[in-house]
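These numbers were taken from a predicted model, which means no experiment stands behind them.
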Amino acid sequence: MKRKICTFLTILFICINICGCSEEEPAKAIMQAKAGINQEITGPYEETLAVKCHNGTFVGKKDGTVLSFKGVPYAEPPVGELRWKRPVPAAEREGVYEAEYFGKSPIQTEWFSEVGSYYLQGEDCLSLNVWMNTEGPAEGKTVMVFFHGGSYGWGGTSDPIYDGHNLVEKYPDLILVTAGYRTGIMGFIDFTEVPGGEDFADGGNLGLLDQICALQWVQKNIEAFGGDPGNVTIFGESAGGGSVSLLPLIEGTSGLFRRVIAESGSPALTYSREECGNLTEMLLEKSGCTDMDGLMALSEETLMELNEDLNDFNNFPERDGVILPEDLYAAWENEALADIDLMVGTNNDEMRYWISEMGHSVPLLPDLFVYEHTMPFMYENNLKRMSAEEQELTKNFVNSQSGKKIWKLTEFYNELLFRVPALEQAVRHKGKSYNYYWTMPGADETMGACHAIELAYVFNNPQETIYTGGLYNGELADTVQDMWVNFARSGDPGTEEYAWEPYTEDKRMTMVLGEEIGMVEDLKKEQREMIEPLLPHYYNGCYSQLDYMVPQLGRIIVQLLLTVALVIVITVAIVKAVKRNRKQ
């Protein structure tokens with residue numbers, strides 16, 4: 001859930017551009033330098049690097065023992081008449097194509113923590129990447145398919161933190177797939193109230209349907225790479241973790257995967273139909289369109305320009321009662337899902353990720369200052385939706401925490417948005433469920449064990465320091481990678497050194513992953529019990545429709561007035577002192 005709560009900042013007595021830093025991000029030049037477009041090959045090619053799929057023969061690139069195939073299309077380009085429509089599976093083709101460059105990232109605003117946003121962007125973004133080790137078994141390899149995060153509005157498979165080379169090099173019996181999907185205004189938008197919108201009924205969940213289409217391509221083709229289509233694990237982080245928590249609940253996904261790993265994502269990170277309507281209204285207003293014909297006539301360039309204004313207001317998947325059920329927790333109780341093995345987990349300091357996100361939006365102020373002054377808006381809005389009993393429960397939770405108020409609110413949202421929803425999903429599941437809790441921090445003490453910090457560990461990419469700050473525990477990395485791969489292989493994430501018990505309602509066992517590794521029973525039990533009654537509200541961090549007339553606004557105004565008064569007093573004192581010195 002990478003939501004830059006920039007909207008809050010407009011009421012923070014600052015008259016600066018919230019679009020971010022003016023300095024060029026170093027990552028942008030790096031990403032643009034390695035961008036390219038795969039071409040059809042009409043002449044000779046190296047057949048040892050090629051794999052024949054139903055939609056063409058793709059020629060990969062070898063690095064040591066690892067052979068990679070990048071930018072392989074799994075669907076027809078969702079452009080023209082296919083814009084805002086269900087993905088159409090890639091048609092049968094006989095051509096030979098390069099698979100050297102990543103496919104385009106979905107349309108999004110460039111942002112420092114989403115390095116994939118600096119890569120080529122476009123509507124034609126439905127492609128995937130495959131890594132395989134040539135020294136592994138020729139067939140029957142375990143398959144892991146990853147869906148990236150980015151708050152359902154950002155991200156791309158070209159982000160180097162998701163590069164699969166190191167992981168597949170370490171585990172020769174593994175095939176890793178990373179798949180892109182439509183995000184933001186192209187992937188999650190409700191058109192049901194727009195004239196002509198009846199032909200675009202799937203708009204609220206197109207990104208999820210894209211992911212299903214990618215998994216269908218995997219089922220049809222992964223055997224050609226040596227993979228076992230009957231042993232596919234889907235995993236993801238943040239929006240990707242939310243996605244894999246939702247995919248099993250969608251009709252038609254049975255048999256596409258056997259196991260699920262949801263990292264810092266859960267059913268809570270979804271929207272109601274009412275919440276989704278806000279983005280649609282803004283798109284119509286910004287574009288000047290009044291119906292679907294007008295929206296369909298917009299150019300790709302215009303959509304990219306519109307996105308610059310709208311990306312911060314992107315939707316999460318829609319609980320529409322059609323593609324996704326309205327009660328997602330109850331849906332996980334379905335006996336039909338019992339044959340799916342589930343692993344969920346969250347990080348100790350999830351919400352601290354947004355300290356840097358907010359601070360990057362307002363570079364003239366300290367990151368923590370911005371975070372401290374914006375979080376109460378969400379909290380006070382959430383309180384307004386609660387009953388008197390729920391308000392008392394919430395205030396008791398906050399008051400039970402130690403430290404400054406901002407850290408109390410941070411822990412509240414760690415639990416409300418991430419950990420407890422994931423536990424509810426796990427305990428409702430009728431099949432095997434496992435839970436982890438990540439405590440290993442990065443180099444920045446303020447950020448702690450923040451959202452996304454585990455990615456460099458899971459992918460065996462210690463050189464990617466955006467979240468770890470370079471603090472990387474190699475022993476933990478080895479253990480975590482073994483656990484993830486073991487789970488994908490067999491459904492049991494335990495290792496020779498660390499047995500891992502399932503998470504059940506009777507015995508809530510959690511694997512703690514940090515400097516110390518081990519099982520803990522019913523971790524933070526009291527906090528879980530206080531949060532559980534709030535889950536039916538599906539609090540999700542949505543800020544695009546907040547009411548700013550809450551006590552926090554008054555506090556900010558008072559602070560502003562006091563600051564202005566202090567500046568005036570100091571200025572007057574300095575002027576008087578200067579005048580006295582001149583007279584002397």
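With no hydrogens or angles considered, no side-chain donor-acceptor pair links T142 and D228 at under 3.5 Å. Using a 3.5 Å distance cut-off with no hydrogens or angles, the side chains of Q425 and S245 do pair a donor with an acceptor. Under 3.5 Å, the side chains of T65 and E135 contain no donor-acceptor pair of N or O atoms. Between the side chains of N55 and Y74, no donor-acceptor pair is found at a separation under 3.5 Å.
The backbone N or O of G155 sits less than 3.5 Å from a side-chain atom of Q108, completing a donor-acceptor pair. S117 places a side-chain N or O within 3.5 Å of a backbone atom of W111 that can act as its donor or acceptor partner. Judged purely by atom type and a 3.5 angstrom limit, T178 has no side-chain atom pairing as donor or acceptor with the backbone of T157. Judged by distance alone, the side chain of R259 and the main-chain N or O of S490 form a donor-acceptor pair under 3.5 Å. Formation of a donor-acceptor pair under 3.5 Å by the E237 side chain with backbone atoms of E263 is not found in this model. Here the side chain of H54 pairs a donor or acceptor atom with the backbone of A90 at under 3.5 angstrom. T270 contributes no side-chain N or O that, together with a main-chain N or O of R319, makes up a donor-acceptor pair within less than 3.5 Å. Of the possible donor and acceptor atoms, one in the side chain of N486 sits under 3.5 Å from a partner among the backbone N and O of D482. For the pair E505 (side chain) and V427 (backbone), a donor-acceptor distance under 3.5 Å is absent.
Ion pair E81/K85 not flagged as a salt bridge, since none of the NZ, NE, NH1 or NH2 atoms sits closer than 4.0 Å to an Asp/Glu carboxylate oxygen. We find that K170 and D478 are joined by a salt bridge, their nearest charged nitrogen and carboxylate oxygen being less than 4.0 Å apart. Classification of E98 and K70 as a salt-bridged pair fails, no side-chain N sitting under 4.0 Å from a carboxylate O. No salt bridge links K104 with D124; every basic N to acidic carboxylate O contact stays at or beyond 4.0 Å.
Aromatic rings of Y97 and F69 (six-membered ring for Trp) have centroids beyond the 6.0 Å cut-off, not under it. H148 has its ring centre less than 6.0 Å from the ring centre of Y181.
For the ring pair (Phe, Tyr, Trp, His ring centres under 6.0 Å) criterion with F188, the lone passing option out of Y152, Y271, F316 is Y152. Of the residues listed (R86, R83, R93), the one engaging E76 in a salt bridge (charged side-chain N to carboxylate O under 4.0 Å, His left out) is R93, and it is the only one. When each of F487, W484, Y503, Y457 is tested with Y436 by the rule ring pair (Phe, Tyr, Trp, His ring centres under 6.0 Å), just one qualifies, namely W484.
Here the closest heavy-atom approach between residue K62 and residue L49 is recorded as CB-CD2, 3.9 Å. When every heavy atom of S266 is checked against every heavy atom of L417, the shortest pair comes out as OG-O, 3.9 Å.
Within 6.0 Å of CD in E475 there are 12 or fewer heavy atoms belonging to other residues, nucleotides or ligands. For Q463, the CD atom is densely surrounded, since the number of other residues' heavy atoms within 6.0 Å is greater than 12.
Residues I175 and I222 have side chains in contact (heavy-atom distance under 4.5 Å, counting atoms from C-beta outward). Using a 4.5 Å heavy-atom cutoff, the side chains of M483 and L513 are in contact. Contact of the P248 side chain with the W332 side chain is registered, since non-hydrogen atoms from C-beta on lie closer than 4.5 Å.
Aromatic ring orientation, F191 versus W84: perpendicular (interplanar angle above 60°, classes split at 30° and 60°). Using a 30° and 60° split on the angle between ring planes, F459 and F235 fall in the parallel class, below 30°.
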